[in-house]
Amino acid sequence: MDTIFAVSSGRPPAAIAVLRISGPAAFDIVSRIAGALPTPRRATLRTLRGGDGEALDQALVLTFPGPATATGEDLAEFHLHGGRAVVAAVEAELARLPGLRPALAGEFTRRALENGRLDLAQAQGLADLLAAETERERKAALAATEGEISRAVADWLTRIAGVSAVVEASLDYSDEDDVAAADQLPVTADIAELASDIAAVLKRPTVERLREGVTVVLAGPPNAGKSSLFNALLARDAAIVTSQAGTTRDTLEAVVDRGGSAFLLIDTAGLREHTDDAIEQIGIARAGKAVDRADIVLWLGEPDAAPAGAVLVHARADAIDRTPAPAGAIATAIGDPVSVQRLWDHIQQRAADLIPPTSTALLHRQQRDRVVAAHTALRQAAVESDLLLVAEHLRTARGHLAALLGVDATEAMLDALFARFCVGK
Amino acid sequence: MFHVKHDFDVVVVGGGHAGTEAAAAAARRGARVALLTQRPERVGAMSCNPSIGGLGKGHLVREVDAFDGLMARASDAAAIHHRMLNRSKGLAVQGPRIQADRGRYLAAVQELLRAYPNLVVMAGEAAELVIERSRVGGVVTTTGQVIHARAVVLATGTFLGGRLFRGSERHEGGRVDEAPANRLGEQLRGEGLPIARLKTGTPPRLDGRTIDWARLEPQPSDADAWTMSPMTAARALPQVACAITRTTVETHDIIRGGLDDSPLFGGAIEGQGPRYCPSIEDKVHRFGDRDGHQIFLEPEALDDATVYPNGISTSLATDVQEAMVRSISGLERARITTPGYAVEYDHVDPRALDHHLHLSAIPGVFCAGQINGTTGYEEAAAQGLVAGLNAAAHACDLAAVKLDRADSYIGVMIDDLVLQGVSEPYRMLTARAEFRLSLRADNAETRLSPLAIAIECVTPARRAHITARDEQRARVRAGLADGAPADIVREIEEDQRYAPYLARQADEIERMRRDEGIALPPLSTLNDVPGLSNEMIERLTTAAPRTLAEASRVRGVTPAALSTLWLHARKLQKQHA
């Protein structure tokens with residue numbers, strides 16, 4: 001049995017992130033990363049250190065010897081500072097350790113079930129409770145997009161069934177004149193068209209993105225006015241969901257709800273090419289990473305130094321020593337709410353392209369894996385000349401999509417076949 | 001009225017393709033077998049078309065042959081036309097099909113049966129099952145004769161509640177001029193078995209001497225000398241050609257004009273017919289835009305002029321059939337020797353069976369063939385094989401035999417039948433086999449011989465033959481193809497050609513077999529499984545899956561329901577551990 005870990009307290013940032021480790025190696029791992037094992041079931045402050053001795057965080061550490069634990073196994077908890085970077089750093093450290101791996105979705109619950117620590121009704125209740133944390137509107141939006149995806153998948157399945165029917169007819173009924181010409185039908189073009197329709201949906205963000213929101217990173221050289229603008233963007237018309245300063249070397253993050261969409265605002269350490277300050281260097285590295293994973297970067301520096309695609313912001317426009325805003329930049333002044341609103345309008349406009357309307361079919365990450373596999377199979381089918389292998393790729397694609405809906409793909413294909421061709425003697 | 005006591009291990013009711021294979025298979029496993037049939041001289045009769053094999057079906061014939069069954073060897077003894085379907089495509093979808101001389105086929109089956117010293121063919125009609133302490137104890141004939149046996153195979157074909165239809169004519173019976181088996185049908189209903197009705201049909205037979213062959217496109221027999229069974233050394237009979245013709249717009253008008261007394265369209269027939277073996281009136285009705293439908297004219301014998309016009313199965317009135325035939329090119333002067341008809345019959349919902357074709361409601365009873373809702377000689381023979389092997393196992397305390405979707409078309413068919421049931425007569429199609437790439441007609445011997453040998457159902461001659469061919473295969477795989485039989489070289493080449501796909505399927509097979517190892521809780525306890533909806537419970541209860549893998553194949557069972565079942569099964573496992 002592997003030892004597994006995961007953040008169990010909901011997604012950071014939050015005041016505290018509880019990271020759980022469960023399995024036979026849980027306590028070995030605690031002693032490796034946090035030093036001497038604390039007394040069981042007693043919260044103890046420890047410095048967590050990586051393999052290189054570098055301090056990762058000061059955290060409360062608890063150990064619960066199995067089997068009288070939530071999972072029925074040896075269980076340890078780290079109560080970390082809840083900033084994303086801290087959590088990510090501890091997770092990265094744990095993932096490097098042998099015998100330990102990130103938990104799969106629902107794996108803690110599954111172990112609890114298997115070890116008789118939880119029955120299914122309780123597990124179901126837990127899932128409902130977790131789901132209830134998301135606000136109602138967004139939940140409704142998720143339900144709507146799930147309906148859309150079912151419709152989209154059902155449509156793809158119908159189309160694959162139609163193409164498969166032609167292919168299967170020419171395999172199973174090659175001696176019948178009604179299907180003799182099936183070899184000449186534009187099967188390949190139909191498959192390619194379907195593959196490209198599926199690709200279009202795959203290009204859309206996942207449902208998780210809708211739930212997590214759009215990441216907006218404020219970046220630029222030190223003292224460019226990032227922190228003031230960060231506060232100004234949060235100040236008005238914005239419901240602050242969480243706002244938690246990390247350690248000095250962390251970035252500052254806040255989740256904001258605007259017009260039903262979630263935005264994750266990240267203020268970064270100033271980006272300076274050279275610095276001798278070790279802590280500042282770490283902050284700069286983190287800022288770089290934040291910029292890399294941002295959906296929208298607000299760039300407060302010189303336009304020619306801006307990351308590609310960034311929104312140019314001419315902050316502190318009201319400062320006496322400021323030059324006029326360069327072309328294409330949005331001027332903001334903290335004392336001028338209209339200018340901040342203008343920037344928000346621009347952010348929301350950009351976000352609209354990233355967060356599709358709720359009537360659009362969006363995939364969950366797990367669904368996405370199936371759809372990717374189906375898409376791959378279709379692309380292979382489109383370039384295959386051996387009819388038997390075309391059929392095999394189509395079968396694979398049907399299987400993946402049917403698994404999303406829990407339907408029998410072979411039967412649907414046979415229905416299509418017998419409706420289309422007059423076969424049988 | 002007198003009672004004679006006979007002691008057998010297995011009684012097989014019915015002497016068609018299912019019954020004969022069942023009797024022979026049980027006998028090969030050493031059981032003492034009685035084959036009970038109304039007319040012993042008709043044992044092995046081909047009651048519909050004269051051809052055996054085809055796509056999916058040829059696969060079944062070769063698989064039955066791997067267990068030393070009758071059908072492939074009888075086909076080789078009687079074949080007067082050979083055709084390898086899909087010759088230009090991969091071996092996985094090539095289907096060997098022969099046309100048999102009817103009389104010679106029947107004679108060949110009877111001769112093969114005579115070779116079993118522990119198999120007796122008895123004349124008589126089964127009236128009912130002997131049921132003792134809720135298990136089967138044999139059968140009673142309509143003359144009151146009691147035949148005791150620990151296992152009974154029901155292979156009654158269309159004779160259970162059989163009714164023939166032709167225009168406004170109605171006859172009781174399973175085949176033309178043969179009586180139905182009504183009392184047995186009533187008894188099965190009385191035992192609370194789920195019984196439904198299905199329909200099938202047959203075309204009029206023509207006198208070949210009245211066909212204008214010269215005007216028709218001939219279809220010659222294959223030139224190369226392949227055989228159905230690898231045990232057959234060479235073709236036995238001269239080969240004849242078939243011919244192809246088509247219905248015309250005029251034919252379709254005649255058919256439309258005759259629909260008034262059609263039992264199919266007038267509502268007299270309730271049973272669902274097969275979509276893939278439709279009557280000509282169905283074809284004209286459903287595909288009204290087509291200007292013609294193909295007909296294959298297939299000679300039924302070398303020394304008899306009867307011709308089977310494949311493609312115009314019908315139950316229209318005799319005069320309409322005559323007019324219809326005469327509107328077809330080459331058949332203008334053709335004489336009908338026996339008009340076509342439809343037959344409606346009872347079948348047992350195969351979901352009442354397990355994968356051994358055992359009827360769990362009456363222990364000791366096995367069912368095979370059309371009684372299970374299938375159509376086709378090959379489907380019947382394949383089920384007969386499995387029912388016979390398992391009836392012998394039941395009666396003689398031998399190991400039961402289960403084939404699965406990964407090892408054979410037989411396994412695919414039985415799994416489909418016992419889990420999904422049927423809504424129309426079930427026919428084998430290669431499209432039904434998800435592991436089609438590895439389940440080829442040409443490698444049936446390689447796939448199934450090890451099992452056949454393990455359950456000791458092959459003769460010493462077959463065993464020696466298999467050993468020799470396995471050695472040849474090993475040599476070819478080692479790169480020593482010189483002198484090896486061409487079919488073995490081709491088989492190994494095809495394995496190599498599709499190797500990457502076969503490897504991928506092997507992973508899929510491994511996953512499936514792993515899930516086959518996870519037993520589900522008893523169906524009666526599904527209500528205690530938290531989170532299963534009533535709809536899911538209903539679907540699962542009807543299909544009665546025994547393992548997680550089976551449940552995953554039941555139509556309409558959602559992935560969420562499957563994970564719930566899996567968790568519950570795991571929990572039960574832990575509790576018992």
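Lettering follows sequence order; numbering is per chain, from 1. Bear in mind that the values here come from a model prediction, so they are computed numbers and not experimental data.
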B:R432/A:E168 ion pair, N-O < 4.0 Å: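 No, no charged N to carboxylate O under 4.0 Å.
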
Carboxylate-amine/guanidinium proximity below 4.0 Å for B:E434 and A:R398: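 No.
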
Criterion side chain to side chain contact (heavy atoms under 4.5 Å, CB included) on B:L437 and A:L388, from CA distance to verdict: CA-CA 8 Å; B:L437 289 178; A:L388 192 50; 3.5 Å; yes

B:R497, part contacting chain A, at a heavy-atom distance under 4.5 Å: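 The side chain, not the backbone.
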
Whether over 12 other heavy atoms sit under 6.0 Å from B:R205 CZ: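 Counting other residues, nucleotides and ligands, CZ of B:R205 exceeds 12 neighbours.
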
Side chain proximity check, A:E392 to B:R504, heavy atoms < 4.5 angstrom: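 A:E392 does not reach B:R504 side chain to side chain.
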
Heavy-atom side-chain contact between A:D386 and B:Y498 under 4.5 Å: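 Yes - at least one pair of side-chain heavy atoms lies under 4.5 Å apart.
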
Exercise: identify the closest heavy-atom pair between A:S170 and B:K89: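 In this case the closest contact between A:S170 and B:K89 is O-NZ, 2.9 Å.
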
Atom pair CG (B:L55) and OH (A:Y173), whose distance is rounded to the nearest 0.5 Å: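 Atom-to-atom, B:L55:CG and A:Y173:OH are 9.0 Å apart.
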
Straight-line distance of B:R427 CZ to A:D172 CG, nearest 0.5 Å: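 Reported to 0.5 Å precision, the distance equals 7.0 Å.
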
Heavy-atom pairs under 4.5 Å with chain A, option from B:R83, B:H293, B:R246 with the top count: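 So the answer, after comparing B:R83, B:H293, B:R246, is B:R246.
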
Most chain A-contacting option - heavy-atom pairs closer than 4.5 Å, from B:E508, B:R553, B:Q94: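 Maximum pair count with chain A is reached by B:E508.
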
